[in-house]
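What follows is a short report on a single structure.
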Amino acid sequence: MLPELACTHSSVLAMLCSCLHEPAKPIHFLAADALDIGVRMNLILRVCCFQIPTPCVPTFQLSTLVPDRLEAIQRYTRELQYNHTGTQFFEIKKNRPLTGLMDLAREMIRESLPIKCLEAVILGIYLTNGMAGVERFPISFKTQFSGSSFRHIVLGIHYAGRFGSLGMSRREDLMFKPPVCRTLLDLVLEFEGSYRRCWHSLKKVKIGQYVSHDPHSVEQIEWKHSVLDLDRLSRDELRRELERHARDMRLKVLKGAAVPSSPTRERRKDTSSPQRSQSSPHRRNGRSERRSSGEKKATEQKSVNDVGYQIRV
């Protein structure tokens with residue numbers, strides 16, 4: 001058992017600086033500096049102070065059910081722990097292509113540093129890639145408490161006609177939801193109830209489109225396909241908007257399945273040059289055509305010279 005530590009950002013920095021034989025002083029970090037400090041702090045705590053175990057990435061057998069896989073992924077995300085330091089160790093730009101975000105997810109696994117909600121969404125996308133029958137989409141929340149606004153994001157899950165979520169939060173009921181909700185409205189209302197128990201009032205919900213399962217895709221994640229203002233929408237209007245969004249996501253999946261995987265390759269096959277044995281008659285026709293076109297060019301050139309223009313070669 002590890003001794004309990006009441007670690008704040010300043011105490012962690014002071015401990016780190018003392019281990020590095022550097023004076024403790026207030027430092028403002030960039031994202032790269034924060035990651036470097038986090039790696040060094042993790043290494044010092046593991047080697048010098050405590051033996052902190054690194055969470056193991058879940059691996060699954062073919063017989064493992066999808067709900068069990070989702071619970072294992074959420075358990076791994078929770079073992080990374082929430083980042084309470086106030087410094088973000090991984091810089092996530094939402095406009096990066098999916099392949100770049102997947103590289104960042106591999107870096108999260110390699111470093112095993114504490115993360116926040118946005119990092120957990122990227123990690124969840126990476127760990128659920130290739131999972132048959134599972135579709136993923138981002139869900140963002142804006143809440144209000146005591147006059148201040150707060151934002152949170154989770155990874156929505158759609159499997160076997162049911163909705164759930166993966167994520168990271170300081171609150172246990174604001175991250176993982178098993179895929180048991182019949183509609184998207186039920187999932188949003190589930191989060192609204194969780195926020196209500198935290199004395200937060202839900203103001204806005206932003207829902208994105210399904211994320212591709214191709215880790216090498218260069219397309220960007222669509223973070224807010226639908227923006228829903230709960231203060232302006234009635235319950236029936238909210239239900240209709242969420243049904244429309246769910247329908248749009250299904251159409252995107254069907255449209256992606258209808259498009260051939262490599263249309264350019266098929267076009268090359270159609271427009272490829274014929275074999276040499278078959279091209280001899282065409283080549284003879286081409287020579288006669290070239291002669292006729294050459295004669296035509298000579299007559300055109302002669303007519304142009306008659307007009308008085310001089311052509312330089």
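All heavy atoms count here, side chains included; hydrogens, waters and symmetry mates do not.
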Could you tell me whether the side chain of [X] and the main chain of [Y] form a donor-acceptor pair under 3.5 Å?
{"X": "E241", "Y": "L238", "value": "no"}
{"X": "T77", "Y": "I73", "value": "yes"}
{"X": "W223", "Y": "P138", "value": "no"}

Before accepting this row, confirm whether a basic side-chain N of the pair R244/D248 lies closer than 4.0 Å to the acidic partner's carboxylate O.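 Yes.
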Salt bridge check: are E172 and R78 linked by an N-O gap of less than 4.0 Å?
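Yes, E172 and R78 are salt-bridged.
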By ring-ring contact (aromatic ring centres under 6.0 Å, His included), which residues pair with [X], not counting sequence neighbours?
{"X": "F176", "value": "none"}
{"X": "F150", "value": "H200"}
{"X": "Y76", "value": "none"}
{"X": "F163", "value": "H158"}

Taking side chain to side chain contact (heavy atoms under 4.5 Å, CB included) as the test, write out the residues that go with [X], two or more places apart.
{"X": "S212", "answer": "L98, D214, S217, E219"}
{"X": "E243", "answer": "R239"}
{"X": "S194", "answer": "D173, L174, K177, R197"}
{"X": "R232", "answer": "D229"}

Does anything in residues 224-249 pair up under ring pair (Phe, Tyr, Trp, His ring centres under 6.0 Å), and if so which pairs, sequence neighbours excluded?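 Every ring pair (Phe, Tyr, Trp, His ring centres under 6.0 Å) pair that includes a residue of residues 224-249, provided the two are not neighbours, is H225-H245.
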_Partner residues of H152 under the side chain to side chain donor-acceptor pair (under 3.5 Å) criterion, sequence neighbours left out_ =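 With sequence neighbours excluded, H152 shows a side chain to side chain donor-acceptor pair (under 3.5 Å) to no residue whatsoever.
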* Go through the structure and list residues passing side chain to side chain donor-acceptor pair (under 3.5 Å) with Q61, not counting sequence neighbours. =>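 Partners of Q61 by the side chain to side chain donor-acceptor pair (under 3.5 Å) criterion come out as none, since no residue qualifies.
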Acceptor/donor pairs from residues 116-131 side chains to any protein atom, 3.5 angstrom cut, sequence neighbours excluded:
unit_1, atom_1, unit_2, atom_2, d
E119, OE1, K116, N, 3.3
T128, OG1, G124, O, 2.6
T128, OG1, I125, O, 3.4
T128, OG1, R136, NH1, 2.7
N129, OD1, R136, NH1, 3.3
N129, OD1, R136, NH2, 3.1

